[in-house]
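Below, all heavy atoms of this structure are taken into account, side chains as well, without hydrogens, waters or symmetry copies. The model shown is predicted, which means the values in this text are computed figures rather than measured ones. By convention here, the first residue in the shown sequence is residue 1.
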Amino acid sequence: MSDSLSAPPRPIDRLLSIMARLRDPDGGCEWDLAQTFASIAPYTLEEAHEVADAIARDDMADLRDELGDLLLQVVFHARMAEEAGHFDFADVAAGIADKMERRHPHIFGEGAVNETAAVRANWESIKAAERREKAQAGALDGVALGLPALLRAEKLQKRAARVGFDWPDSGGAGDKLREEIAELEAASHPDHRHEEAGDMLFALVNWLRKNGIDAEDALRAANRKFERRFAGMEALAKADGVDFASLELAEQDAIWNQVKREERASTI
């Protein structure tokens, strides 16, 4: 069979080939060749957040594109690791495949029962065993430093709760939050205020967790609401032929309240 009739490469193989070409010292892309794990890491985080944003907007076309951008980050890191002799993309794929089979014995094992409570307990015990194999003896070991701060705080608190270090109910968490707010208000030195602000945020995340609220999701929703209402204020001002930035704060606040009223009325 001639080459012209051969099957085209799989998209993933094509992507791996493109990255190899970009990283080729002989004629590759200067920018791609200059990158390191550390320099690419911020882009990896950014792409992961853009995936989450597309999901939040329920934009499937954008989600497809953003997942591609995130996949490129995996391919980029794997290529750099391969060049350094650490591992390659196939090792990455094999590793996660092995992990998923290992963590789902109720699916891939023999004779296991697929019940939610048992599956959850087994999942946690398997992850704990994996951490021990990695010499992660502490309950908090392995919580990624690169996570968004609110998400990482909640994960740390959940880990601590697994070994009993947790308030029995939300009341204790609420009292701690009020204590931290008071300490922040009483702090006078900038360094002290910075420290107390962190403690207050950590306590807030814990109180939300005890009330079944995901802090990262709640703040993301609040950001979207603020953006929507702010855009509404600008639109109202523009409709009246007014430059929003030129208005006094009291006038801007009046438009803000108008937007809130209209938004609430539209949901009734």
Checklist line | For Ala41 against His77, the heavy-atom pair lying closest together | finding: N-CE1, 4.2 Å
Checklist line | Where Glu262 and Leu236 come nearest, the two heavy atoms and their spacing | finding: OE1-CD1, 4.4 Å
Margin query: Could you go through Leu71 and Ile12, starting from their C-alpha distance and side-chain angles, then the distance that decides it, and tell me whether this counts as side chain to side chain contact (heavy atoms under 4.5 Å, CB included)?
Written below: CA-CA 9 Å; Leu71 177 59; Ile12 186 61; 4.3 Å; yes
Notebook entry, point to check: Without hydrogens or angle criteria, can the side chains of Arg220 and Asn223 be said to hold a donor-acceptor pair below 3.5 Å?
Noted result: no
Margin query: For the CD atom of Gln35 and the CZ atom of Arg79, what is their distance to the nearest 0.5 Å?
Written below: 15.5 Å
Next item on the list: Report yes or no: do Leu72 and Leu67 belong to one cluster of Ile/Leu/Val/Met/Phe/Trp/Tyr joined by side chain heavy-atom distances under 4.5 Å?
Entry: no
Notebook entry, point to check: Within the distance-only criterion (no hydrogens, no angle test), does the side chain of Asn211 pair as donor or acceptor with the backbone N or O of Ile213 below 3.5 angstrom?
Noted result: no
Checklist line | Heavy-atom pair with the smallest gap, counting every atom of Asp24 and Leu33 | finding: O-CD1, 3.6 Å
Margin query: I'd like to know if the side chain of His192 and the backbone of Ser188 have a donor-acceptor N/O pair within less than 3.5 Å.
Written below: no
Item checked: Heavy-atom side-chain proximity of Asp253 to Asn257 below 4.5 angstrom -> yes
Next item on the list: Search all heavy atoms of Arg21 against all heavy atoms of Asp26 and return the closest pair with its distance.
Entry: NH1-O, 3.6 Å
Check: Is the side chain of Arg229 donor-acceptor paired with the backbone N or O of Lys260 at a distance under 3.5 Å, no angle test?
Finding: no
Checklist line | Nearest heavy atoms of Asp166 and Ala161, plus distance in Å | finding: OD2-CB, 3.5 Å
Note to self: Rounded at 0.5 Å granularity, tell me how far CG in Leu247 sits from CG in Asp243.
What the structure shows: 7.5 Å
Next item on the list: Hey, could you give me the CD/CG distance between Glu46 and Asp53, rounded to the nearest 0.5 Å?
Entry: 11.0 Å
Next item on the list: Taking the side chain as every heavy atom from C-beta outward, state whether Glu82 and Asp91 have any atom pair closer than 4.5 Å.
Entry: no
Check: Same hydrophobic cluster for Ile40 and Leu15, using side-chain heavy-atom links shorter than 4.5 Å among ILVMFWY?
Finding: yes
Check: Can you tell if the side chain of Met19 reaches within under 4.5 Å of the side chain of Phe76, non-hydrogen atoms only?
Finding: yes
Item checked: Within one Ile-Leu-Val-Met-Phe-Trp-Tyr cluster: Trp31 and Val75, side-chain cutoff 4.5 Å -> yes
Notebook entry, point to check: Relative to the ring of Phe37, is the ring of His86 parallel (under 30°), tilted (30 to 60°) or perpendicular (over 60°)?
Noted result: tilted
Notebook entry, point to check: Where do Leu70 and Thr44 come nearest, in terms of heavy atoms and distance?
Noted result: CD1-O, 4.0 Å
Next item on the list: Using modelled atom types only, decide if a donor and an acceptor are shared between the side chain of Glu154 and the backbone of Val205 within a distance under 3.5 Å.
Entry: no
Notebook entry, point to check: Roughly how far apart are Glu216 CD and Lys155 NZ, rounded to 0.5 Å?
Noted result: 11.0 Å
Check: Given side chains that start at C-beta, do those of Phe244 and Gln252 come closer than 4.5 Å, heavy atoms only?
Finding: yes
Next item on the list: Please report the C-alpha distance between Arg159 and Val143 in whole Å, then the side-chain angles of each, then the deciding distance to 0.1 Å, and finally whether the side chain to side chain contact (heavy atoms under 4.5 Å, CB included) criterion is met.
Entry: CA-CA 9 Å; Arg159 287 281 191 90; Val143 179; 3.7 Å; yes
Check: If you round to the nearest 0.5 Å, how far is CD1 of Ile96 from CZ of Arg103?
Finding: 7.0 Å
Margin query: Classify the ring geometry of Phe230 against Phe226: parallel below 30°, tilted from 30° to 60°, perpendicular beyond 60°.
Written below: tilted
Next item on the list: Inspect the contact between Arg224 and Glu227 and indicate whether a charged nitrogen and a carboxylate oxygen are less than 4.0 angstrom apart.
Entry: no
Note to self: Is there a side-chain contact between Asp199 and Glu195 in this structure, where contact means two heavy atoms from C-beta onward sitting under 4.5 Å apart?
What the structure shows: yes
Notebook entry, point to check: Do any N or O atoms from the side chain of Arg193 and from the backbone of Leu184 form a donor-acceptor pair under 3.5 angstrom?
Noted result: yes
Check: Salt-bridged, Asp98 to Arg102, with N to O below 4.0 Å?
Finding: no
Note to self: For Arg14, is the CZ atom crowded, meaning more than 12 foreign heavy atoms sit under 6.0 Å from it?
What the structure shows: no
Check: Do Trp256 and Val242 belong to the same hydrophobic cluster, where Ile, Leu, Val, Met, Phe, Trp and Tyr are linked whenever their side-chain heavy atoms lie under 4.5 Å apart, directly or via other members?
Finding: yes
Margin query: Surrounding OH of Tyr43 (heavy atoms of other residues, nucleotides or ligands, distance under 6.0 Å), is the total greater than 12?
Written below: no
Check: Does any N or O in the side chain of Arg23 come within less than 3.5 Å of the main-chain N or O of Asp32, such that one atom is a donor and the other an acceptor?
Finding: yes
Check: Given the rule in the salt bridge (Lys or Arg N to Asp or Glu O under 4.0 Å) test, do Arg228 and Glu263 qualify, once you have shown the distances and angles that lead to the verdict?
Finding: CA-CA 10 Å; Arg228 183 177 66 248; Glu263 187 175 275; 2.8 Å; yes
Next item on the list: State the CG-CG distance between Leu201 and Leu150, to the nearest 0.5 angstrom.
Entry: 7.0 Å
Note to self: Go through it in stages, so that I can follow the logic: the residues are Leu208 and Leu204, the test is side chain to side chain contact (heavy atoms under 4.5 Å, CB included), and I'd like the CA-CA distance, side-chain angles, deciding distance and then a yes or no.
What the structure shows: CA-CA 6 Å; Leu208 291 172; Leu204 174 59; 4.1 Å; yes
Margin query: A side-chain contact here means heavy atoms from C-beta on lying under 4.5 Å apart; do Glu179 and Glu183 qualify?
Written below: yes
Next item on the list: Test side chain to side chain contact (heavy atoms under 4.5 Å, CB included) on Trp167 and Asp175 and set out the steps.
Entry: CA-CA 10 Å; Trp167 300 105; Asp175 291 340; over 6 Å; no
Item checked: N/O donor-acceptor pair under 3.5 Å between Gln157 side chain and Phe202 backbone -> yes
Next item on the list: Following the transitive rule for hydrophobic clusters with a side-chain heavy-atom cut-off under 4.5 Å over Ile, Leu, Val, Met, Phe, Trp and Tyr, establish whether Val74 and Val51 coincide in one cluster.
Entry: no
